Amino acid sequence: MAALPAQTFTGSPLCRLSDVASRFRATSRPDAEVSLVVVAGREVVVRAPAGVVGGGGQLELQALLLRQDDPELRLGEGDTEEQISLEWVAEDGAPPRALPLYLLGQDACARWTFALDVSAARDAFLAFLRHACELEVAMKDVRLLLPGLSLDAAAIAGQAVALSQWHQTHGFCQRCGAATLPVEAGTRRRCVGPSPHKLYPRTDPVVIALVESPDGARALLGRSAKSTPGMYTCLSGFIDQCEGIEEAVRREIMEEARIAVSDVAILGTQPWPTSCELMIGCVARATSYEVLLNASEMEDVQWYDRAELAAAVQAYDSHLPLQEIQRRTWKDLGFFVPPPFAIAHHLMRAWALSPRPAGESFFARQAMLPTLLPDAAPTGGATGGGGSANGAAAAAAVAGSSEDAAAAGPGPTGVRAAL
Ligand SMILES: [Zn+2]
């Protein structure tokens with residue numbers, strides 16, 4: 001079965017081998033070149049001339065490069081080799097504040113890249129960047145930045161948000177109830193109980209499936225009450241314990257639409273950082289037609305023919321802002337689908353646009369001709385998410401800034417590069 005194009009939030013340029021934390025700890029601190037990605041909850045700091053994010057085009061993460069002689073930002077001196085923080089002197093003479101650092105990996109220039117979590121001082125740190133560092137920056141929900149972030153930047157930002165959120169929500173050990181602390185340069189946590197337990201960052205698997213009708217002519221799409229008005233997407237749901245991917249697809253489709261599914265194949269995957277999910281994109285063949293809606297889960301589920309879906313997918317080939325594309329498509333077709341930074345979009349694109357005779361099964365043809373998927377690269381990344389509301393976030397996404405932030409040179413504290 002052919003693969004989908006590389007999905008948004010994948011393809012990080014950082015080296016993430018499991019020994020990266022021990023290699024950092026073996027590095028002499030004064031020699032360490034450190035780059036920081038600033039996050040607070042789901043938000044990341046990006047370059048934003050005049051504080052405006054919008055208008056289409058490419059956005060860049062605003063990374064901070066630590067300088068050895070920086071009086072305001074330095075690696076925490078009191079840290080152990082396992083626990084590391086950034087000491088920030090917000091005002092002259094004030095005691096430094098310790099902000100947590102979580103190691104993401106090492107970039108191609110051998111710089112250690114960390115997520116800097118400023119949740120405890122979001123507004124103050126943003127003001128510091130703008131005034132003390134003279135940076136034109138904004139802090140935005142990573143989902144709203146997706147149309148404008150490059151694949152590399154989205155992958156790094158996504159990892160930073162996911163890891164920071166994991167740390168924030170795992171302050172206690174699920175085995176003994178004791179408090180936990182970051183270890184291994186913030187790549188793990190360990191509890192302080194009498195028998196220390198190690199905690200690893202979590203990812204929850206979610207299946208999302210393009211279900212084609214028994215005659216291969218139509219695809220099953222639906223929407224929940226939480227979906228953005230007008231948007232229909234592939235059906236999805238969390239994988240249950242001790243359940244295979246194929247079984248989860250069959251169960252979810254049966255639960256949500258009372259449609260029976262036979263064959264299931266995986267086409268690709270997409271991590272979704274704000275809810276720490278891994279979307280597993282599948283194509284499946286239905287063995288029945290009649291939809292019986294499960295109103296407790298879905299607001300509507302319908303079959304769409306290939307021409308309708310092709311038109312909805314190809315609407316995104318325009319250079320118009322996302323919201324305008326969605327508004328026009330909804331008006332013209334009566335629905336719209338998730339944008340190209342969602343794996344759901346690429347499942348639909350593959351099914352609707354792959355060359356095959358009318359009525360021929362996409363599933364069967366892909367099994368025989370695995371290279372015929374249309375080559376459409378994503379431009380960012382949301383999805384009709386399983387247990388989360390990320391589909392709604394995708395549809396609400398704004399376009400990125402087209403303005404060049406190159407004029408934002410180093411500030412007084414010596415910062416700073418864009419990713
Ligand atoms: Zn424990």
Side-chain angles (χ1 to χ4, degrees), residues 8-16 20-21 24 32-48 53 58-67 70 72-76 84-88 98-122 125-126 128-130 133 135-146 148-168 182 185-187 201 271-274 276 380-381 400-401 405 408 410-411 413-419:
T8 296
F9 292 129
T10 66
S12 171
L14 300 180
C15 171
R16 298 169 58 176
V20 69
F24 172 75
E33 287 198 39
V34 172
S35 173
L36 308 178
V37 179
V38 184
V39 300
R42 294 174 168 178
E43 296 181 311
V44 295
V45 167
V46 292
R47 288 186 172 186
V53 177
Q58 203 75 37
L59 278 172
E60 293 177 330
L61 285 179
Q62 178 66 64
L64 308 183
L65 298 181
L66 284 189
R67 276 191 345 196
D70 194 327
E72 294 164 311
L73 298 173
R74 61 176 181 263
L75 293 179
I84 185 167
S85 63
L86 183 78
E87 290 187 350
W88 169 41
L99 299 172
L101 288 176
Y102 308 125
L103 182 60
L104 302 175
Q106 196 171 26
D107 69 16
C109 300
R111 278 190 297 247
W112 305 98
T113 301
F114 284 82
L116 169 64
D117 185 354
V118 300
S119 300
R122 178 197 181 278
F125 198 82
L126 195 55
F128 166 77
L129 292 178
R130 286 173 173 163
C133 304
L135 293 172
E136 292 183 287
V137 292
M139 186 167 250
K140 298 287 183 184
D141 188 316
V142 67
R143 298 169 299 177
L144 303 185
L145 299 171
L146 285 175
L149 286 179
S150 68
L151 285 177
D152 282 0
I156 293 172
Q159 186 192 0
V161 166
L163 186 57
S164 300
Q165 292 206 138
W166 176 76
H167 278 286
Q168 286 190 359
T187 59
W272 193 253
T274 54
C276 297
S401 170
T413 53
V415 187
R416 325 305 172 166
L419 293 172

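Just so you know, residue 1 is the first one in the sequence shown, and it goes up from there. A quick note: this is a predicted structure, and the numbers were derived from the prediction, not measured.
Under the rule for a side-chain hydrogen bond (donor to acceptor under 3.5 Å, both in side chains), Gln165 has no partner lying at least two apart in sequence or in another chain. For Trp88, the ring-ring contact (aromatic ring centres under 6.0 Å, His included) partners two or more places apart in sequence, or in a different chain, are Phe125, Phe128. In terms of the salt bridge (Lys or Arg N to Asp or Glu O under 4.0 Å) criterion, Arg16 has no residue partners (sequence neighbours excluded). The side-chain contact (heavy atoms from CB on, under 4.5 Å) search around Ala155 returns Ser12, not counting sequence neighbours. Applying the side-chain hydrogen bond (donor to acceptor under 3.5 Å, both in side chains) test to Glu33 and every residue at least two apart in sequence or in another chain returns nothing. Applying the side-chain contact (heavy atoms from CB on, under 4.5 Å) rule to Ala98 yields the partners Ser85; only residues at least two apart in sequence or on another chain are considered. For Glu43, the side-chain hydrogen bond (donor to acceptor under 3.5 Å, both in side chains) partners two or more places apart in sequence, or in a different chain, are Arg122.
To the nearest 0.5 Å, atom CG of residue Leu129 and atom CG of residue Leu64 are 5.5 Å apart. Within the model, atoms CG of Leu73 and CG of Leu65 stand 11.5 Å from one another, a figure rounded to the nearest 0.5 Å. Thr274 contributes atom OG1, which lies 4.5 Å from atom CZ of Arg42 (distance to the nearest 0.5 angstrom). Atom CZ of Phe9 is separated from atom CZ of Arg143 by 9.5 Å, given to the nearest 0.5 angstrom. To the nearest 0.5 Å, atom CD1 of residue Ile156 and atom OG of residue Ser35 are 8.0 Å apart.
Between the side chain of Gln62 and the backbone N or O of Leu135, no donor-acceptor pair lies under 3.5 Å. Between the side chain of Arg130 and the backbone N or O of Val137, at least one donor-acceptor pair lies under 3.5 Å. Not one N or O on the side chain of His167 forms a donor-acceptor pair closer than 3.5 Å with the backbone of Pro182.
Using the six-membered ring where Trp is involved, Phe24 and Trp112 have ring planes that are perpendicular, over 60° apart on the 30 and 60° scheme.
Nearest heavy atom pair, residue Val161 against residue Gly41, reads CG1-O, 3.7 Å. Heavy atoms only, all atoms of each residue included: Pro273 and Gly158 are closest at CB-O, 3.1 Å. Closest approach of Leu61 to Ala153, counting heavy atoms only: CD1-O, 3.6 Å. Between Thr187 and Ala21 the shortest heavy-atom distance is OG1-CB, 3.9 Å.
Using a 3.5 Å distance cut-off with no hydrogens or angles, the side chains of Ser150 and Asp152 do not pair a donor with an acceptor.
Looking at heavy atoms from C-beta onward, Gln168 lies in side-chain contact with Asp117 at the 4.5 angstrom threshold. Proximity of Met139 to Val118: side-chain heavy atoms (C-beta onward) are separated by under 4.5 Å at one or more points. Residues Leu101 and Leu75 have side chains in contact (heavy-atom distance under 4.5 Å, counting atoms from C-beta outward). In this structure, the side chains of Pro13 and Asp107 stay at 4.5 Å or more apart for every pair of heavy atoms.
When the options Leu14, Leu163, Val20 are evaluated for a side-chain contact (heavy atoms from CB on, under 4.5 Å) with Leu103, the one that passes is Val20.
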Verdict with reasoning, Leu86 to Phe114, per side chain to side chain contact (heavy atoms under 4.5 Å, CB included):
CA-CA 10 Å; Leu86 183 78; Phe114 284 82; over 6 Å; no
